[in-house]
Amino acid sequence: MELLARKLDSCAELTDSDRAAVLGLSHTVRALPARHDIVRFGERPGQCCLVLQGWVSRYAALSEGERQILSFYIAGDMPDLQSLHLHRMDHHLATLTACTIAFVTHDELHRVFRHHPNLIGIFWRDTLIDGAHYRERITSLGRRQALGRVAHLFCELYLRQRAMGLTSGLSCPLAPKQAELADALGLTSVHLNRVLRTLRTRGLVTLGGGVLTIEDWDELAAVAEFDPTFLHQTGYRTPASEPAETV
């Protein structure tokens with residue numbers, strides 16, 4: 001639960017009492033393989049999941065088998081908090097990589113909220129920020145050109161991981177495969193590959209071994225027209241001056 005407390009601290013300020021309540025949440029831990037559905041469309045879950053290790057995606061699937069990845073989740077994220085009040089899932093939640101997941105029952109969360117009502121607003125804020133990510137993604141899909149779309153996602157994923165202490169300098173893990181990035185960005189794999197080659201050629205990013213290194217933050221952010229406001233991170237600082245290192 002330390003990861004959850006760290007995530008909530010990145011967007012709000014936990015009191016000592018609230019932090020103790022979060023750390024004391026009863027939970028069960030499971031190791032799940034890559035590409036495993038945690039919860040499926042139409043199901044009625046009785047628990048929420050917290051990503052402890054690995055990457056998770058939310059996705060929608062069409063009858064022809066086509067998939068739209070709606071969002072990516074990393075360690076510290078609790079991607080299905082809405083199931084507390086929306087009782088039937090309207091999407092799928094699946095592991096992208098091998099993951100360690102903590103499951104907290106709805107009854108346990110409601111119990112903690114009754115004794116620590118301040119946490120209701122903090123968890124609600126977390127779901128509102130998730131909604132802000134969606135608004136920015138819709139803007140990207142509807143109006144940004146492919147180059148800006150990819151650059152924007154890279155900036156977002158870097159900053160979200162930095163808030164969780166998962167970066168080193170300007171390097172961070174990038175677990176999604178090209179096909180998964182394409183499914184998230186509304187691009188074909190061929191088009192995405194062309195965009196990635198352009199970003200490399202312009203000296204903006206380096207990719208390899210599941211690691212993204214941002215070589216020029218200011219230029220990448222300019223290409224993306226990136227404004228970090230939608231992340232609502234407390235104590236935000238620009239990454240431009242951080243040295244590039246290997247994770």
Side-chain angles (χ1 to χ4, degrees), residues 1 3-14 18 22 25 37-41 43 45 47-60 67-96 99 101-104 106 109-110 112-113 118-142 144 149 152-166 172 175-176 180-181 183-186 224 226-236:
M1 294 299 109
L3 280 170
L4 178 58
R6 191 188 309 169
K7 167 65 185 302
L8 296 174
D9 256 338
S10 74
C11 60
E13 290 189 13
L14 294 175
D18 290 338
V22 170
L25 281 167
D37 281 331
I38 301 170
V39 62
R40 296 182 59 81
F41 181 95
E43 292 182 349
Q47 57 192 4
C48 294
C49 68
L50 167 67
V51 184
L52 299 180
Q53 189 173 36
W55 287 59
V56 166
S57 71
R58 187 196 311 279
Y59 73 96
R67 171 185 64 174
Q68 176 66 47
I69 290 181
L70 304 169
S71 46
F72 295 113
Y73 295 98
I74 60 172
D77 286 335
M78 206 171 215
D80 56 350
L81 274 171
Q82 67 270 30
S83 69
L84 276 168
H85 301 290
L86 301 177
H87 301 303
R88 192 178 294 276
M89 293 294 285
D90 55 22
H91 57 272
H92 305 272
L93 200 65
T95 61
L96 275 181
C99 286
I101 305 290
F103 292 93
V104 183
H106 291 172
L109 286 167
H110 285 307
V112 169
F113 292 159
N118 187 52
L119 284 176
I120 297 173
I122 293 174
F123 275 82
W124 184 29
R125 178 177 171 83
D126 187 58
T127 62
L128 291 174
I129 293 173
D130 198 30
H133 295 178
Y134 272 96
R135 289 189 291 276
E136 199 65 31
R137 188 66 50 78
I138 290 169
T139 302
S140 278
L141 292 174
R144 287 189 177 94
R149 210 179 293 180
H152 196 281
L153 180 62
F154 284 173
C155 290
E156 174 193 330
L157 292 177
Y158 171 80
L159 287 179
R160 286 172 57 195
Q161 291 184 88
R162 186 180 69 164
M164 294 304 299
L166 301 174
C172 66
E180 292 158 344
L181 290 172
D183 283 347
L185 293 166
F226 187 82
D227 185 326
T229 301
F230 76 101
L231 295 172
H232 298 279
Q233 292 181 344
T234 59
Y236 171 81

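Predicted, not measured: the structure shown is a model, and the values here were computed from it.
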Measure the CD1-SG distance between Ile38 and Cys48 for me, rounded to the nearest 0.5 Å.
11.5 Å
dist Leu70:CG -> Leu141:CG (nearest 0.5 Å) comes out at 9.5 Å
Quick one: CG on Leu8 to CG on Leu3, what's the gap to the nearest 0.5 Å?
11.0 Å
Heavy-atom closest pair, residues Leu52 and Ala75:
O-CB, 3.5 Å
Rounding to 0.5 Å, atoms OG1 (Thr127) and CG (Leu81) come to a distance of 6.5 Å
Would you say that Leu4 contacts Leu25 through its side chain, given a criterion of any heavy-atom pair below 4.5 Å between the two side chains?
yes
Taking all atoms of both residues into account, what is the closest heavy-atom pair of Ala102 and Met1, and its distance?
CB-CE, 3.9 Å
On a heavy-atom basis, the closest approach of Phe230 and Ala132 is O-CB, 3.4 Å
With heavy-atom distances below 4.5 Å as the criterion, would you say the side chains of Trp55 and Ile74 are in contact?
yes
Mind running side chain to side chain contact (heavy atoms under 4.5 Å, CB included) on Leu153 and Ser140 for me, showing each step along the way?
CA-CA 9 Å; Leu153 180 62; Ser140 278; over 6 Å; no
Other residues, nucleotides, ligands: >12 heavy atoms within 6.0 Å of Gln68 CD
yes
With sequence neighbours excluded, what pairs up with Phe113 under the ring-ring contact (aromatic ring centres under 6.0 Å, His included) test?
Phe123
Start with the C-alpha distance between Tyr59 and Leu96, add both sets of side-chain angles, then the distance that settles side chain to side chain contact (heavy atoms under 4.5 Å, CB included), and finish with yes or no.
CA-CA 11 Å; Tyr59 73 96; Leu96 275 181; over 6 Å; no
With sequence neighbours excluded, give me every salt bridge (Lys or Arg N to Asp or Glu O under 4.0 Å) pair touching residues 67-82.
Lys7-Asp77, Arg67-Asp183, Asp77-Arg160
Report the C-alpha separation of Met78 and Val104 in whole Å, then their side-chain angles, then the decisive distance to 0.1 Å, and conclude whether the side chain to side chain contact (heavy atoms under 4.5 Å, CB included) test is met.
CA-CA 10 Å; Met78 206 171 215; Val104 183; 4.0 Å; yes
Pro79 and Val51: which non-hydrogen atoms are nearest, and at how many Å?
CD-CG2, 4.4 Å
Tell me every residue that passes side chain to side chain donor-acceptor pair (under 3.5 Å) with Thr234, counting only those two or more places apart in sequence or in another chain.
none
With a 4.5 Å cut-off on side-chain heavy atoms, are Val22 and Leu119 touching?
yes
Any side-chain heavy atom of His133 sitting closer than 4.5 Å to one from Leu231?
yes
Got a second to check how far Leu181's CG is from Arg149's CZ, nearest 0.5 Å?
13.0 Å
Can you tell if the side chain of Glu156 reaches within under 4.5 Å of the side chain of Glu136, non-hydrogen atoms only?
no
Interatomic spacing from SG in Cys11 to CD in Gln233 - rounded to 0.5 Å
9.0 Å
List the atom pairs, with distances to 0.1 Å, where a side-chain N or O of residues 84-93 and a protein N or O form a donor-acceptor pair under 3.5 Å, not counting sequence neighbours.
unit_1 : atom_1 : unit_2 : atom_2 : d
Arg88  : NH1    : Gly42  : O      : 2.9
His91  : NE2    : Arg58  : NH1    : 2.5
His92  : ND1    : Phe41  : N      : 3.3

Run the side chain to side chain donor-acceptor pair (under 3.5 Å) test against His106 and tell me which residues pass, sequence neighbours left out.
Ser83
Minimum heavy-atom separation for Cys172 and Gln161, please, with both atom names.
SG-NE2, 3.5 Å
Please find the pair of heavy atoms, one from Leu159 and one from Pro228, that lie closest to each other, and give the distance.
CD1-CB, 4.1 Å
In chain order, what residues pass the salt bridge (Lys or Arg N to Asp or Glu O under 4.0 Å) check against Arg40, with sequence neighbours excluded?
Asp37
So, the side chain of Arg144 versus the backbone of Thr139: is there a donor-acceptor pair under 3.5 Å, distance only?
no
